[in-house]
Colleague: 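Supplied in structure tokens, the structure appears directly below.
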Amino acid sequence: MPNTPNPGHSYAVLTAELRTPDRWPVPHGIVTVTDLHGQQIARAEADAGGHVVTDPLPVGTYTVIVTAPGHSPTARTAVVAGSGATLGVVNLPRVSELPLPAEGPWVIDPTHSGVEATARHLGLASVKGRFTDFGGRIHIARPIEDSWVYAVIRADTIDTGNKLRDDHLRTADFLDVARHPRIEYRSHRLTATGADLWALDGELTINSITRPVRLDLRYHGSGPDAFGGIRAGFLASTELSREDFAISYHQLVRAGVAAVGPSIRVELNIEAVYGEELPQL
């Protein structure tokens, strides 16, 4: 909450620069300023470059707590004088035992990956389906938050293990694959949310309708494979509303009981190979 200036007191701002130990900025970190009795005086969020500027604070001594999702917190003592105060560079190590994947291009390996969708049936059981034809690219950047993903799925490759049901899912009641053969996802932001946990924000296009979608992402690490390459593993999931993408099939089998639930749970087990192309095995 901003301070209300008191004409009888001097005020000045507190600044800080949030960085990882390898000098990359920590965007959206939080700086909380408390007085010596533990009462919160100010709270400020870092910008995309990791820079923080608080509201003006009364001159005095404070405890400053610095936190960011996926990073170890730290605390400092700051003395705010009339000219202001700076914490300088505050290092926030990532909370992870896994090294980040190598910087550069990665290709999704569909042979060792899976894309599954789960829907409720009759409000009782879950019906799982998978897409058998998909691919995509991942670019790992430094800082890691600048990384991006682009993926494409052939909508007509939905497979639930039942031909009658799969043929229905390909119609205009659901995926309308004749008019909209591709499902696409483009990310635009990656944010740490915990140890090896990330939020991947982007846009999903189904039935030629594009909506913002956040994927909850877990990184499983990377390492060499048996073919001389490097692979990385990821698990991503989200929940979609059918109506957001004009999948408005609403058959009722009896009063108040829908044949298909209103939401779809999507899970992606992804294995990616470092480089511009998949290896020729």
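Throughout, numbering of the chain's residues begins at 1 and tracks the sequence. Any value given below was found using the heavy atoms of this structure, including those in side chains, with hydrogens, waters and symmetry copies removed.
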Colleague: Does Phe131 have any ring-ring contact (aromatic ring centres under 6.0 Å, His included) partners at least two apart in sequence or in another chain, and if so, which?
Modeller: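 In terms of ring-ring contact (aromatic ring centres under 6.0 Å, His included), with neighbours along the sequence ignored, Phe131 is linked to no residue.
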
Colleague: Is the closest side-chain donor-acceptor distance between Thr34 and Gln40 under 3.5 Å?
Modeller: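 Their side chains do not contain a donor-acceptor pair, so the 3.5 Å distance test is not met.
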
Colleague: So, does Thr205 use its side chain to make a donor-acceptor pair with the main chain of Ile183 at under 3.5 Å?
Modeller: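 The answer is no, because no donor-acceptor pair under 3.5 Å joins these two groups.
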
Colleague: Would you compute the distance between atom OG1 of Thr54 and atom CD of Glu45 and round it to the nearest 0.5 angstrom?
Modeller: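 Rounded to the nearest 0.5 Å, the OG1-CD separation comes out at 14.0 Å.
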
Colleague: Return yes if some donor-acceptor pair links the side-chain N/O of Thr86 with the main-chain N/O of Gly88 below 3.5 Å, else return no.
Modeller: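 A pair under 3.5 Å: yes.
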
Colleague: Report the residues that fulfil ring-ring contact (aromatic ring centres under 6.0 Å, His included) with Tyr185, sequence neighbours left out, ordered by chain and then residue number.
Modeller: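 For Tyr185 there are no ring-ring contact (aromatic ring centres under 6.0 Å, His included) partners, ignoring immediate neighbours.
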
Colleague: Can you pull out every side-chain hydrogen bond (donor to acceptor under 3.5 Å, both in side chains) where at least one residue sits in residues 71-81? Sequence neighbours excluded, please.
Modeller: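 For residues 71-81: none.
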
Colleague: Check step by step if side chain to side chain contact (heavy atoms under 4.5 Å, CB included) holds for Trp148 and Arg189.
Modeller: CA-CA 7 Å; Trp148 55 261; Arg189 184 172 63 182; over 6 Å; no

Colleague: What I'd like to find out is whether the side chain of Phe134 reaches to under 4.5 Å of the side chain of Leu268, using heavy atoms alone.
Modeller: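 SC-SC contact between Phe134 and Leu268 ruled out.
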
Colleague: Can you tell me if Thr157 uses its side chain to pair, donor with acceptor, with the backbone of Asp133 under 3.5 Å?
Modeller: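 Yes.
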
Colleague: Do Arg231 and Asp109 touch side chain to side chain, with heavy atoms closer than 4.5 Å?
Modeller: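 Touching, per the 4.5 Å side-chain cut-off.
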
Colleague: Is there a side-chain contact between Arg94 and Ile144, using heavy atoms and a 4.5 Å cut-off?
Modeller: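 A side-chain contact under 4.5 Å exists here.
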
Colleague: Regarding Arg218 and Asp196, does a basic nitrogen lie under 4.0 Å from an acidic carboxylate oxygen?
Modeller: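 Result for this pair is no, no salt bridge flagged.
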
Colleague: Side chains of His51 and Glu17: donor-acceptor distance under 3.5 Å anywhere?
Modeller: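 Distance-only check fails for His51 and Glu17.
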
Colleague: With side chains defined as the heavy atoms from C-beta onward, is the minimum distance between Val64 and Leu87 less than 4.5 Å?
Modeller: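 Yes - at least one pair of side-chain heavy atoms lies under 4.5 Å apart.
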
Colleague: Find the distance between CD1 (Ile247) and CD1 (Ile206) and round it off to the nearest 0.5 Å.
Modeller: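 Here the rounded value is 5.5 Å.
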
Colleague: Write down the atom of Ser147, the atom of Ile140, and the distance for their closest heavy-atom approach.
Modeller: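 Where Ser147 meets Ile140 most closely, the heavy atoms are OG-CA, 3.4 Å.
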
Colleague: For Ala192 and Pro69, work out which heavy atoms get closest and say how close.
Modeller: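 That would be O-CB, 2.9 Å.
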
Colleague: Identify whether Val149 and Leu100 are in the same connected component of the hydrophobic contact network (ILVMFWY, side-chain heavy atoms under 4.5 Å).
Modeller: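 The answer is yes; both residues are in one hydrophobic cluster.
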
Colleague: Hey, are the side chains of Ile153 and Val115 touching, using non-hydrogen atoms and a 4.5 Å cut-off?
Modeller: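 In short, these two side chains touch, coming nearer than 4.5 Å.
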
Colleague: If you draw a 6.0 Å radius around CG in Leu164, do more than 12 non-hydrogen atoms from other residues or ligands fall strictly inside?
Modeller: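 No, because the 6.0 Å sphere around CG of Leu164 holds 12 heavy atoms or fewer from other groups.
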
Colleague: Taking the side chain from Asn207 and the backbone from Ile209, do they hold a donor-acceptor pair closer than 3.5 Å?
Modeller: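 Such a contact is absent between Asn207 side chain and Ile209 backbone.
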
Colleague: Using a strict cut-off of less than 4.0 Å between a Lys/Arg side-chain nitrogen and an Asp/Glu carboxylate oxygen, indicate whether Glu267 and Arg265 qualify as a salt bridge.
Modeller: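 Looking at Arg265 together with Glu267, the answer is no, because their closest N to O distance does not fall below 4.0 Å.
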
Colleague: How long is the straight-line distance from NE2 of His188 back to CG of Asp146, given to the nearest 0.5 Å?
Modeller: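 Going from CG on Asp146 over to NE2 on His188, the span is 13.5 Å.
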
Colleague: I need the minimum non-hydrogen distance between Pro25 and Gly49, along with the two atoms involved.
Modeller: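 Scanning both residues completely, I find the closest heavy atoms to be CB-O, 3.2 Å.
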
Colleague: Over all heavy atoms of both residues, which pair between Tyr274 and Glu103 is shortest? Give the atoms and the distance, please.
Modeller: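 In this case the closest contact between Tyr274 and Glu103 is OH-O, 2.9 Å.
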
Colleague: Between Ile230 and Trp106, is the side chain to side chain contact (heavy atoms under 4.5 Å, CB included) condition met? List the steps.
Modeller: CA-CA 9 Å; Ile230 301 174; Trp106 295 73; 3.8 Å; yes

Colleague: Can you tell me how far apart CZ (Arg211) and OG (Ser241) are? Round to the nearest 0.5 Å.
Modeller: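 So the CZ of Arg211 and the OG of Ser241 are separated by 9.0 Å.
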
Colleague: Is Asp167 paired with Lys163 through a side-chain N to carboxylate O contact shorter than 4.0 Å?
Modeller: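 Counted as a salt bridge, because a side-chain N and a carboxylate O are separated by less than 4.0 Å.
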
Colleague: Quick check against the 3.5 Å criterion: does Asp166 have a side-chain atom that pairs as donor or acceptor with the backbone of Thr160?
Modeller: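 Pair found, side chain donor or acceptor close to backbone of Thr160.
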
Colleague: Minimum heavy-atom separation for Gly29 and Leu18, please, with both atom names.
Modeller: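 For Gly29 versus Leu18, the nearest heavy atoms are CA-CD1, 3.8 Å.
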
Colleague: Do Arg242 and Ser263 have side chains that approach each other closer than 4.5 Å (heavy atoms only, starting at C-beta)?
Modeller: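 With C-beta onward as the side chain, the pair stays apart.
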
Colleague: Any chance you could lay out the side chain to side chain donor-acceptor pair (under 3.5 Å) test for His180 and Ser208, step after step, and finish with the verdict?
Modeller: CA-CA 6 Å; His180 311 296; Ser208 296; 2.7 Å; yes

Colleague: If you compare all heavy atoms of Ala155 against all heavy atoms of Leu175, which two are closest, and at what distance to 0.1 Å?
Modeller: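 The pair with the smallest heavy-atom distance is O-CD1, 3.8 Å.
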
Colleague: I'd like to know whether Asp156 forms a salt bridge (charged side-chain N to carboxylate O under 4.0 Å, His left out) with Arg170, so could you lay out the CA-CA distance, the side-chain angles of the two residues, the decisive distance to 0.1 Å, and finally the verdict.
Modeller: CA-CA 6 Å; Asp156 64 351; Arg170 296 184 183 107; 6.0 Å; no

Colleague: Is a side-chain donor or acceptor of Asp35 paired with a backbone partner of Gln39 at a separation under 3.5 angstrom?
Modeller: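 Yes.
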
Colleague: Any donor-acceptor pair under 3.5 Å linking the side chain of Thr15 with the backbone of Val52?
Modeller: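 The answer is no, because no donor-acceptor pair under 3.5 Å joins these two groups.
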
Colleague: Are the side chain of Thr238 and the backbone N or O of Arg214 linked by a donor-acceptor pair below 3.5 Å?
Modeller: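 Flag set: sc Thr238 to bb Arg214 pair under 3.5 Å.
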
Colleague: Identify which one of Val33, Val31, Thr32 satisfies the side chain to side chain contact (heavy atoms under 4.5 Å, CB included) criterion when paired with Arg43.
Modeller: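 Among Val33, Val31, Thr32, the one meeting side chain to side chain contact (heavy atoms under 4.5 Å, CB included) with Arg43 is Thr32.
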
Colleague: If you round to the nearest 0.5 Å, how far is OG of Ser113 from CG of Asn269?
Modeller: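 Asn269 atom CG to Ser113 atom OG measures 8.0 Å (nearest 0.5 Å).
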
Colleague: Give the intermediate values and the outcome of side chain to side chain contact (heavy atoms under 4.5 Å, CB included) for residues Ile264 and Thr118.
Modeller: CA-CA 6 Å; Ile264 305 291; Thr118 304; over 6 Å; no

Colleague: Counting C-beta onward and ignoring hydrogens, is there a side-chain heavy-atom pair between Leu98 and Tyr219 closer than 4.5 Å?
Modeller: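 Yes, close enough: below the 4.5 Å cut-off.
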
Colleague: I'd like to know if Glu276 pairs up with Arg137 as an ion pair, taking the criterion as any Lys NZ or Arg NE/NH1/NH2 lying under 4.0 Å from an Asp or Glu carboxylate oxygen.
Modeller: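 Answer for the salt bridge query: yes.
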
Colleague: Looking at His168 versus Phe174, is the centre-to-centre ring distance below 6.0 Å?
Modeller: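 Distance test on ring centres: under 6.0 Å, yes.
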
Colleague: Nearest 0.5 Å, what's the NE2-OG distance between His139 and Ser187?
Modeller: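 Separation between the atoms: 11.0 Å.
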
Colleague: Is the closest basic N to carboxylate O distance between Glu203 and Arg186 below 4.0 Å?
Modeller: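 Salt bridge between Glu203 and Arg186, a charged N being under 4.0 Å from a carboxylate O: no.
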
Colleague: Applying a strict under-4.5 Å side-chain criterion to I, L, V, M, F, W and Y, I'd like to know whether Trp198 and Trp24 cluster together.
Modeller: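 Result: no, two separate clusters.
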
Colleague: Testing Val266, Leu240, Asp244 for side chain to side chain contact (heavy atoms under 4.5 Å, CB included) with Leu204, which one passes?
Modeller: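 The side chain to side chain contact (heavy atoms under 4.5 Å, CB included) with Leu204 is passed solely by Leu240 among Val266, Leu240, Asp244.
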
Colleague: According to a 4.5 Å side-chain heavy-atom criterion applied to Ile, Leu, Val, Met, Phe, Trp and Tyr, with indirect links allowed, do Val53 and Val90 form part of one hydrophobic cluster?
Modeller: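 No; Val90 is not reachable from Val53 via cluster members.
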
Colleague: Is any side-chain heavy atom of Tyr62 closer than 4.5 Å to a side-chain heavy atom of Leu57?
Modeller: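 SC-SC contact between Tyr62 and Leu57 confirmed.
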
